[in-house]
Amino acid sequence: MTQQYENQKGKSDSNRESTDSVPEDVMGALNRVNENTWDIPTSRLRGMRVPGRIFLSEKLLSSIDLATIDQIANVSMLPGILDYSMAMPDVHLGYGFTIGGVAAFDPQEGVISPGGVGFDINCGVRLMKTNLTREDVVPHIKTLTESLFHKIPSGVGSKGQFRVNDTQLTDAFLHGSEWAVESGYGIEDDTKNCESAGFMKGGNPEKVGVKARQRGRPQFGTLGSGNHFLEIQYVDKIYDPVAAAAYGLYEGQVNVMIHCGSRGAGHQICTDHLQNLNEAVKKYKIDIPDKQLACAPAESKEAQDYYEAMICGANYAWANRQVIMHWTREVFENFYGKDVDELGMKLLYDVAHNVAKYETHTVDGKKKDVYVHRKGATRAFPAGHPEVPQHYRDVGQPVLIPGSMGTPSFVLKGGPRSMELSFGSACHGAGRVMGRGQAKSNMSGEAIREELARQGITVRADKPSVIAEEAPSVYKPSDEVVDVVDQLGIANKVARLIPIGVIKG
DNA sequence: ATGTTC
């Protein structure tokens, strides 16, 4: 870390007392470009190759601190970064890169960095529809929530209902949710309604270490902990009737949202390759302002090894969400005595929140293949993009934005300006404003559970501390975050979803 | 986020 960085960090700490108003140093670090766009000029820190850019409303400005701004600036120092080091309105401090960060790199001049993906590789969200109404479900919500809690293992270190063998694990690393569907955990349509059709090509299980395999095997089909959840929600508002019709959403409809990732497997893949990349930084003499930005030239063996292992982690996560959705269907089938078809339990879509991808974008007016890192950011391809499934192509890719526990989630569609503004990316959620530790010591999980119960939301968690960590008040309001990307035309609102039953790890 | 602070 540079001396300059330390000085600024100190300054920000001393200002933290005056919370509600935006600290002067935050204002001083940003140049306002328009209503929802703020730039960090390259003059801020020595070594910035491109400016930083935060998509944010004035209202949310107080949720940003100087340490977050400097992480965005630090990323702009990485070789081969294109256009801007970007951040979404749900941005907050992360490992090296912010959560809510988007950064694209030239494949020849640029780098690949695990910090730009995160430890939970392909943490993501899927939304499954039903044809049940709120009235069909609310009277039974306690029973349903309880059944789901028992069917789907959750919590830190939770073990699954079945153990995949080594061959199956390799298949999952290579073929993601396609493997899960072929193994009987789903229906053929499921993979069509998924980003990248449920798996990325190019995974190489030989780049996944023994430890990652050991951790991954027993955790298959588990939810995990932290902000991960399974929610029964209902559609309470439609903003865009045409898009809603194309997605099959209508007011009063009950849906299930599943938010989880690659569990210990992805975590171990990230940890292992960070070690290699720490060495690569020295070997290739890359000047990085923060050790957490470990990276290697995109075409180097070290970077490609990580990328091939990361794909395995991403595919594991897609298979994991697929298996969890399958068990959710079984719970509903048993409860209502109807099958999946009769219950209309179709997958609307599944998106990755933490992943790096080789994609085609327009840079300086020319088509170019780049490595886009999305860490706490959602792909949001617009109408007409060839990667959007045929049946959604006229509307745009579904963009699923979970709220924090007890607050609304949103379905958006990829907006007309996402390709020009943000490498086809939008926000991924509400975004924390308070750290986990602080939340745990400040909040009572049991009190929050009772308050949510008064609001008609049944929460079933592994332990109360998880509820405290994820209290709605430790997050930015999801509606304000979503409004920013909506107003920018990065992704446009289609429907709002209100939780009624929540399973947490 | 995480076999919870290498």
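In the text below, chain A, chain B and the rest are named by the order of the sequence lines, each starting its count at 1.
Distance, A:F119 CZ to B:dT4 C1': 12 Å, rounded to whole Å. Straight-line distance from the CG atom of A:D120 to the C1' atom of B:dT4: 14 Å, rounded to whole Å. Between the P atom of B:dC6 and the CD atom of A:Q292 lies a distance of 14 Å, rounded to the nearest Å. Across the protein-nucleic acid pair, A:I269 atom CD1 and B:dT2 atom P stand 14 Å apart, rounded to whole Å. Summarising the geometry, the separation between CD on A:E469 and P on B:dT5 is reported as 13 Å, rounded to the nearest angstrom. Between A:N354 atom CG and B:dT2 atom P there is a gap of 11 Å when expressed in whole angstrom units. Whole-Å rounding puts the A:Q219 CD to B:dT4 P distance at 11 Å. When the C1' atom of B:dC6 is taken as reference, atom OH of A:Y95 falls 11 Å away, rounded to whole Å.
A sub-4.0 Å separation between OP1 or OP2 of B:dT4 and a side-chain N or O of A:R436 is absent.
Residue contacts shown for A:S225 are limited to sugar-phosphate atoms, with no base heavy atom under 4.0 Å away. No contact: A:K375 has no heavy atom under 4.0 Å from any strand. Contact annotation for A:G226: backbone-only contact, meaning every heavy-atom pair under 4.0 Å involves sugar-phosphate atoms and none involves a base. Among the protein residues, A:K463 comes within range of the nucleic acid bases, having at least one heavy atom under 4.0 Å from a base atom.
In this structure, A:E231 does not pair ionically with A:K504, as no charged nitrogen and carboxylate oxygen lie closer than 4.0 Å. Under 4.0 Å is where a charged nitrogen must lie from a carboxylate oxygen, and between A:D272 and A:K211 no such pair does. For A:D190 and A:R126, the salt-bridge test fails: no basic side-chain N is under 4.0 Å from an acidic carboxylate O.
A ring-centre distance under 6.0 Å is not found for A:Y307 and A:Y358.
Of the residues near DNA chain B, A:K440 and A:E470, the one whose nearest nucleotide (by heavy atom distance) lies more toward the 5' end is A:E470.
The backbone N or O of A:K463 lies less than 3.5 Å from no partner atom in the side chain of A:S465, so there is not a single donor-acceptor pair.
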